[in-house]
Amino acid sequence: MGFRRSISFVSCVAVALVVIACSSKTDQSANIVKLQGAGASFPAPLYNKWFRAFSNAHQNVLVDYQSVGSGTGVKSVIDHTVDFGASDAAMKPEDMAKVPGGVQLFPMTAGSIVLAYNLKDVSNLKLSRKAYSGIFLGTVKRWNDRLIAGTNPGVTLPDLPINVVVRADSSGTSFVFSKHLTAISDDFNKTVGSNTMPNWPVGTKSKGNEGVTAGIMTTPGGIGYIEYGYAKSQKVPTAILENKAGKYVEASIASGQAALASAVLPDDMIVWASDPDGPDAYPIVTYTWLICYKKYPDKNKLQAMQDLVKYGLTDGQKDAETLGYIRLPSTVVARASAAVQNITAD
């Protein structure tokens, strides 16, 4: 009888411990704050590094970011299917108006857009403004065209078709690149214009930086636009471009910083350097933005969102240059940090 009582007691203790353990796990799970984000592929390598580091430092916060393109990021914010979005094309006023309570944009980093190309035995390719705008208009069709040969003396350029690769998805990178082409070419402005999905007159379409790069590197004579940091990580050759001052400038952190130097950030945090001044400025540079709601119904989610933005604007900036991005100017950091208070509880 005593033996049976002992067995019964041990069983009760075991059940109690299981109940306590399950209750503890439930409590811990209930305290987890999940932030779901989606949008631009341009800053994705940097964002993913930030979000991993932030989650590791804040055990109760999980950040999941889907690199699906700027257009989808904006749509997700409008549809309220995410906690934050990301876009290289910022957000149009008419789209902001579709979000009850409004949105707050934060410039989080900046970067250059480069023209990657695939030409055997051709390095340090120089492209004039007329040449590369002509390539994407479809008027410059072969690599030995006089507009290309004229800026590359002594270089043997192949009599090969120029195989253009463009983005297939709604892309902030496409928006920034087409906005630049619109600024430097009247023909491009009149016929194509700036858009997240331009109606390119030429080119094979591929999705994301990865798809465009793969399309270029598997196609002899290929050329396309991708993000500088990604091009650097993949070790793909990129063209040296003519800037507004008539100088041929290679994409780098320094030339990107020179391009942003003249861009003054307004109250809405949206500014473009579509054709930057300065002899040292690389011609195609942009900020990229995180899109937050101005009102969050969950106070824990609000706090996590504010802390995440602050982290990106401060400690996160230290990771920018190693991944090929441009650290934000101190004036931009200060203004963006002050705007964090615009995110409040509903």
Side-chain angles (χ1 to χ4, degrees), residues 35-44 47 50-51 63-111 167 169-180 182-183 193-198 260 263-274 285-299 301-310 312-313 328 331-346:
L35 295 177
Q36 180 68 53
S41 62
F42 182 98
Y47 282 1
W50 285 357
F51 299 157
V63 186
D64 179 28
Y65 180 73
Q66 299 297 315
S67 172
V68 289
S70 294
T72 301
V74 169
K75 186 178 185 301
S76 298
V77 170
I78 294 171
D79 294 343
H80 243 284
T81 57
V82 293
D83 298 303
F84 66 94
S87 172
D88 311 323
M91 199 171 178
K92 296 176 182 177
E94 56 266 34
D95 287 334
M96 293 183 194
K98 296 175 184 176
V99 183
V103 294
Q104 177 65 57
L105 273 68
F106 296 95
M108 299 303 295
T109 190
R167 288 284 288 267
D169 48 330
S170 180
S171 159
T173 306
S174 292
F175 179 81
V176 173
F177 183 48
S178 62
K179 193 172 181 67
H180 169 72
T182 297
S194 58
N195 204 303
T196 55
M197 289 187 73
L260 292 177
V264 179
L265 198 68
D267 290 340
D268 65 3
M269 303 284 169
I270 301 172
V271 66
W272 304 103
S274 300
V285 176
T286 185
Y287 286 108
T288 186
W289 292 265
L290 211 65
I291 307 169
C292 298
Y293 299 104
K294 282 193 173 180
K295 301 286 185 181
Y296 285 89
D298 184 321
K299 290 185 178 180
K301 190 162 284 192
L302 165 66
Q303 187 63 58
M305 198 70 245
Q306 289 177 327
D307 290 344
L308 181 63
V309 174
K310 289 176 184 176
L313 291 171
L328 296 177
T331 52
V332 173
V333 171
R335 294 200 62 186
S337 297
V340 173
Q341 66 185 358
N342 295 338
I343 308 174
T344 61
D346 196 353

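Numbers for residues simply follow the sequence, beginning at 1.
Residue K295 holds its NZ atom at 12.0 Å from CD of Q104, rounded to the nearest 0.5 Å. For the atom pair F177 CZ and N195 CG, the distance stands at 14.5 Å (nearest 0.5 Å). Atoms SG and CG, on C292 and N342 in that order, are 10.5 Å from each other to the nearest 0.5 Å. Between the OG1 atom of T286 and the NE2 atom of H180 there is a distance of 12.0 Å, given to the nearest 0.5 Å. Atom CH2 of W50 is separated from atom CG of L313 by 7.0 Å, given to the nearest 0.5 angstrom. Separating the CE atom in M108 from the CD1 atom in I291 is a distance of 12.5 Å, to the nearest 0.5 Å.
When all heavy atoms of D88 and P43 are compared, the pair lying nearest together is OD1-CD, 3.7 Å. Shown here for M91 and L105, the closest heavy-atom pair between the two residues is N-CD2, 3.8 Å. The two residues S41 and R167 make their nearest non-hydrogen contact at OG-NH2, 3.3 Å. Contact between S194 and T182 at its shortest, heavy atoms only, is N-OG1, 3.5 Å. Contact between S174 and S171 at its shortest, heavy atoms only, is N-OG, 3.0 Å.
Considering only residues two or more places apart in sequence or on other chains, T173 meets the side-chain hydrogen bond (donor to acceptor under 3.5 Å, both in side chains) condition with none of them.
Applying the ring pair (Phe, Tyr, Trp, His ring centres under 6.0 Å) test to residues at least two apart or on different chains, the pairs with a partner in residues 71-105 are F51-F84, H80-Y293. Legend: side-chain hydrogen bond (donor to acceptor under 3.5 Å, both in side chains) pairs involving residues 67-76, not counting sequence neighbours, sorted by first then second residue: K75-D79.
Looking at K301 and L35, their side chains come closer than 4.5 Å, going by heavy atoms from C-beta outward.
A donor-acceptor contact closer than 3.5 angstrom links the side chains of S170 and T196. Residues D83 and Q36 bring no donor and acceptor atom of their side chains to less than 3.5 Å of each other.
Judged by distance alone, the side chain of Y287 and the main-chain N or O of L260 form no donor-acceptor pair under 3.5 Å.
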